[in-house]
Structures are given as C-alpha cells and as structure tokens.
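Single-structure report; data block below.
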Amino acid sequence: MTNEPVVLSTAFARFEALWSPRIVAQVNDYDVRIAKVAGEHVWHVHDDTDEFFLVLEGELRIALREADGEREVVLPQGAVFVVPRGTEHKPSSEAGASILLFEPTGTLTVGDRHDAVPSHVEATVGHALR
C-alpha cells in the first residue's frame, strides 16, 4: 500500500476479472476493496464480521437468509448496505456492477462457510492493486 490518493476509475481500469476484489487501501485492520461483479456469487456466511457494500455503478442484489426467512435487498448506484455477521447471503448483479467493500484484512470472499464455489467466483482474501 502506498500513501498516495487512489482514483477509483483508474483502479477499476487496471483489471477485468469478476468477483476478484482488489485492495485499494487499508484502514486500521480493514481492507478497502473494489470489485467488478456480474452474475451470481455463492451463498456464504462470515461468522465473525459484518460485510459493508457500496455500489459505485450498476445495481447489486443481495439475497439474505434470516431467522424469519429469505429476502432480497436491491442496491442501486450510490446505495450502502451492511450484511450482519452470521447472516447467510448471496450477492448478484444481472447487468453487472462495480462495488466497494470494507472487510477485515484476511477475510475470505466466500466467507467461513459456503456452497460449492463456481468457476467464475474466486475464493481470495483480495489482491493488491497493480
């Protein structure tokens, strides 16, 4: 990490891979990650941490399995949503989206427990932005 400004549009132009976040900054023990997404991720859960989403472009949907059943939240461009720790969820974007996430450094993108990971989803703790 450098102590220089990061222009997000330039950062997004540096990679094409979907569901493969890039780490653009660190705040205390958290990564600030950006990702391009399209299609469906995988049902997963983070047992010990919340997950913060900010939609920069496009629309993101997050299916949630909660105590009283399943529901879906729709996040248009500019929307923020936090998935509480321990909540099973599955992000998706039919037309594609660009998102920003805050997660503790070392957090696996497919959580602590997850369904089978499809080939278009990368199980990673994030990649350095190059």
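Summarising the geometry, atom CD belonging to E88 is positioned 10.0 Å from atom CG belonging to L64; distances are rounded to the nearest 0.5 Å.
Under the 4.5 Å side-chain criterion, counting only non-hydrogen atoms from C-beta, V110 is in contact with H41.
Hydrophobic clustering (ILVMFWY, side-chain heavy atoms < 4.5 Å, transitive): L101 and I62 are in one cluster.
Considering every non-hydrogen atom in both H44 and G111, the closest pair reads CD2-N, 3.8 Å. The heavy-atom pair separating L56 from Q77 by the smallest distance is O-CG, 3.2 Å.
Taking R14 as the reference, L129 meet the side-chain contact (heavy atoms from CB on, under 4.5 Å) condition, with sequence neighbours excluded. Under the side-chain contact (heavy atoms from CB on, under 4.5 Å) criterion, T105 pairs with Q26, D31, not counting sequence neighbours. Residues satisfying the side-chain contact (heavy atoms from CB on, under 4.5 Å) test with H120, not counting sequence neighbours, are W19, P118.
In summary, of the residues considered (L8, I23, I99), a side-chain contact (heavy atoms from CB on, under 4.5 Å) with I34 occurs for L8 alone. Put simply, the residue from T107, V24, T124 that forms a side-chain contact (heavy atoms from CB on, under 4.5 Å) with R33 is T107.
With ring centers used as reference points, H89 lies under 6.0 Å from H46.
Under the 4.0 Å criterion applied to side-chain N and carboxylate O atoms, D48 and R85 are not assigned as salt-bridge partners.
When atom types are taken as modelled, the side chain of R61 and the backbone of E94 share no donor-acceptor pair closer than 3.5 angstrom. Under the 3.5 Å distance criterion, the side-chain polar atoms of S93 are left unmatched by any main-chain donor or acceptor of L60.
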